[in-house]
Amino acid sequence: MTSEEPVIHIDGLTKIFRDFWRRPRARAVDGISLDVRPGEVFGLLGPNGSGKSTTIKVLLGLLHADAGEVKVLGRPPRDVDVKKRVGYLPEESYLYPYLDARETLRFYAALFGLAGAERERRIDELLDMVGLSHTGRRRVGEFSKGMARRIGLAQALINDPDLVILDEPTSGLDPLGTRQVKDIVTALAERGKTVLLSSHLLADVEDVCDRVSILYGGKVRAAGPIRELLQVAGHLQIRLGELDDSKRVELLDALEGILGQRPDLEPTRRDLETFFLEVVAQARRESGEGSGTRAEGRLAAFLTAKDEDAA
Amino acid sequence: MRQLFAIAQLTLRAALRERVAWSMLVLVAGTLLLLPLGLRADGTLAGELRMHVRYSTGISVALLAAMTLWVSCAAVAGDLSSKRLQMVLTKPVSRAVLWWGKWLAVSALSVSLLMICGGVTYWRVMQRARDPGVSAEERARIEATLLTARRPERPKEEDMTVRALALYDEQIRLGRIHPEAPKEDVLRELQNLALTFRYAAQQDEEVHWDFPLSRPLTETDRLQLSFTFDGASMGVSRIPGEWRIRVGDGEMAVFTARIDQTPSGETVLDVPVTEALLGADRLRVSFHNLSEESQTVFFRTRDGVLLYRAAGGFGPNLFRALALLAGLLALLAALGVSAGSLFSLPVACYATAMILVLQAFSGTLERVLEEGTTLNPNREYGAVMQSVDRASMVAYRGMHALIRPLDVDRPLDRVSRGVLVSAGEVGRTAGFRMLPGLAVISLIGIGLFSRRETGVAE
């Protein structure tokens, strides 16, 4: 695969679910085409039943395409060599409940052929990254949904993948966890990793994705860079720093003179997520760590290492 | 290999979490330890120990077989329904590695438990047999029939075709058989009848068996004569008779033993290997009916009279029998993993349980195949019934082929009677039936599993 080639190439993908007698029951995906380029964070959006998960499962080789061409990292999705370079976090973290967090990661590491000190180092770093280093010996069956998602995310990154597929990664996470996942996605992208993200939470997608495809009824209804898609034609926004009252009146008068109408002027607001994170950070400084997860959202060292080191 | 062992290790842990598996294990332990307390044999210690080996261990093995099927089906079908396997299959693991990993874990678990069962059986038998309270006579009997593995020498098979044809012609001439009756069926019945009378001795008559020995007798050989017979009349209490053994066609009996006993079960007589028997490679064994009443004695047409040669001890014999059963459990594990790869857990369990049930009726299947008919239709039945019969025979042959690799010829039963389970038999069964069976099951299982979509919503 050359650097210009898309990491994910889908051309006319169709997937039909059939009943026991092979009669068509549902056309889950209907002629989807899309390309995801290297180093891109690509969002797959759509309501329930729009074909997002089916598309992801075809990309992972869990479902066969009825029509169309699908290539992941330049090869068919069921190729074992492709899977070595892919990390996947499913919609639900389907973990073995009788394994503890460390054993879970050890199991998935073994599937990638990792062993010895390298494996243990990665596990330590990932547990630290997702804030579960203190619960390493607790069975994941006892974990909350958010904690299970974190372990799910850790297992998706154990092989230092080139392509990370995240299906609803922030589902079940608190705002801190959500922020952390977004930071991790951004950090992965900065390191040249490709991320395919499917989510219902549009704010999450908007925060981290470069491009999106919006699916409905198994078809792509809109696609392109987020900035272009969200642009409202003919509308502009002016951002200003602090203004005293006299300057504000002066500005409004000037604008009224130019536009022929008096514009509205509103104070800048933080979004709720930013406000929440500030409050929690303040509380943490005052009273130390609470129970549950502990993390700063720092990317695991092996994920930030240079390519030759990681190899 | 790392992937294989990771999957095997995980499967093993999952198996030990199965409530059904633990319930089965409790039953196995109960069967092995408690059932012998309730067994009532023929009143002898030898009989009790035989029952223990045959039934307690046999039931334990049956329970282990059921557990193996459950665990192996659940290993894949359970993981598929819980979607955990989806996670595993997105990793660089081929379906073949996954299949073999699951199989390895279930087989290792089942075989380990089987060996523990075998260990308990061995310990119990040896402890009871060496109890100082056991009489010398009883100890000798146990030593001769259970603690010694004996290789059977079988008599030359008699061809009854000519005799049956003669009987057929005679019966036709006398008008006792309808001329349109299917000749093949009538001849088969007449052959069985002729064989029954071949091995029957009327009052003051002698019946004999010719034994071509597998190798000449040496002074280290220990020889036993075993027989099972019935009286023709009900209520016969004792039948007197005399056994004689001659070398080849010789006139002189080199062994003579008088009996006077009720016809029940197998009787074993020790035959000292005297100088006259050394080097003999063909023996003629005969029984003279000395009954004073008009009492006919019938011997079983198959294995009614056998010569046994000592060929090892109880421990190795039990181990070889367990090796055969271990192969059986490994095959069941393969069946379960394959079924679990293709079907949902309940369907997989039912499908494999049916194979186990079929295996239990392997004798019936073989008898039907021998007879060549299921309905025994005659001409009056018409073409439809004959077609149904032919179709059902195809089904029977298919079922027989399906269970053929699982057919291990009752090894525990033979160990309980002190009959040798030879290393050659273990090797042949493993090499010619079990390994090819495993290869076929794994190829089919892996092939179909590889084509299966595992991401379909349940």
Side-chain angles (χ1 to χ4, degrees), chain A residues 15 17-18 25-26 28 49 53-66 72 77-99 103-104 106-116 119 139 141 151-152 155-156 158-159 161 165 167, chain B residues 1-19 21-22 71 74-76 78-102 104-105 341-344 347 446-458:
Chain A
K15 178 65 197 174
F17 288 113
R18 297 169 193 280
R25 202 181 44 174
S53 290
T54 303
T55 305
I56 286 177
K57 284 174 181 172
V58 172
L59 289 173
L60 292 163
L62 297 173
L63 293 175
H64 310 319
D66 285 301
V72 178
R78 298 194 75 184
D79 193 319
V80 170
D81 287 334
V82 166
K83 293 182 178 184
K84 283 181 188 164
R85 298 167 59 195
V86 176
Y88 169 54
L89 171 68
E91 196 175 351
E92 298 278 336
S93 303
Y94 305 117
L95 302 169
Y96 290 93
Y98 41 84
L99 299 183
E103 287 168 338
T104 299
R106 212 172 269 156
F107 169 65
Y108 288 110
L111 298 185
F112 283 103
L114 291 168
R119 182 182 67 184
R139 285 183 182 162
I151 279 296
Q155 67 77 31
I158 190 101
N159 58 324
I165 299 176
D167 198 354
Chain B
M1 286 307 269
R2 191 168 289 141
Q3 295 173 324
L4 186 85
F5 287 123
I7 289 165
Q9 197 181 5
L10 187 81
T11 308
L12 212 51
R13 291 184 74 151
L16 293 175
R17 300 234 145 219
E18 290 277 354
R19 280 191 195 142
W22 279 105
V71 171
V76 188
D79 269 10
L80 272 171
S81 66
S82 67
K83 298 188 183 174
R84 288 180 203 125
L85 214 56
Q86 281 190 24
M87 288 273 280
V88 175
L89 289 172
T90 60
K91 311 301 179 204
V93 181
S94 72
R95 307 243 174 149
V97 168
L98 190 85
W99 192 99
W100 284 111
K102 299 275 180 191
L104 184 68
S341 310
L342 304 177
F343 308 118
S344 65
V347 176
I446 293 167
L448 293 174
F449 185 38
S450 298
R451 294 170 63 88
R452 184 175 177 184
E453 292 188 316
T454 49
V456 182
E458 295 284 324

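Just so we're on the same page: letters track the sequence lines, and every chain starts at 1.
Here the closest non-hydrogen pair linking A:G113 and B:R2 is O-NH1, 2.7 Å. When all heavy atoms of A:F107 and B:A6 are compared, the pair lying nearest together is CE1-O, 3.7 Å.
Contact annotation for A:E92: neither backbone nor side-chain heavy atoms come within less than 4.5 Å of a heavy atom of chain B. In this structure, chain A has heavy atoms under 4.5 Å from both the backbone and the side chain of B:T454. Residue contact with chain A, scored on non-hydrogen atoms closer than 4.5 Å, involves the backbone and the side chain of B:I7 alike.
A heavy-atom distance below 4.5 Å is not found between the side chains of A:Y88 and B:L89. Looking at heavy atoms from C-beta onward, A:P90 lies out of side-chain contact with B:Q86 at the 4.5 angstrom threshold. Taking 4.5 Å as the limit, some side-chain heavy atom of B:R13 sits within range of a side-chain heavy atom of A:L99. Taking 4.5 Å as the limit, every side-chain heavy atom of A:Y98 sits out of range of all side-chain heavy atoms of B:L16. By the 4.5 Å heavy-atom criterion applied to side chains, A:F112 and B:P92 are counted as neighbours. Taking the side chain as every heavy atom from C-beta outward, B:R95 and A:R78 approach each other to under 4.5 Å. Taking the side chain as every heavy atom from C-beta outward, A:E103 and B:L10 never approach each other to under 4.5 Å. Counting only heavy atoms from C-beta outward, the side chains of A:V86 and B:T90 never approach each other to under 4.5 Å.
Contacts with chain B were tallied for A:G61, A:A110, A:A28; A:A110 has the most, counting heavy-atom pairs under 4.5 Å. Listed options A:L95, A:T54, A:N159 were ranked by heavy-atom pairs under 4.5 angstrom with chain B; first place goes to A:L95. Ranked by heavy-atom pairs under 4.5 Å with chain B, the list A:L114, A:L63, A:I165, A:L89 is led by A:L63.
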Yes or no on side chain to side chain contact (heavy atoms under 4.5 Å, CB included) for B:V88 and A:Y96, after CA distance, side-chain angles and deciding distance?
-> CA-CA 11 Å; B:V88 175; A:Y96 290 93; 3.6 Å; yes

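Geometric assessment of B:K91 against the ring of A:Y108 yields a positive cation-pi assignment under the 6.0 Å and 45° thresholds.
Partner of B:E453 under the side chain to side chain donor-acceptor pair (under 3.5 Å) criterion, out of A:H64, A:K15, A:K57: A:K15 alone.
A:L111 contributes atom CG, which lies 10.0 Å from atom CE of B:M87 (distance to the nearest 0.5 angstrom).
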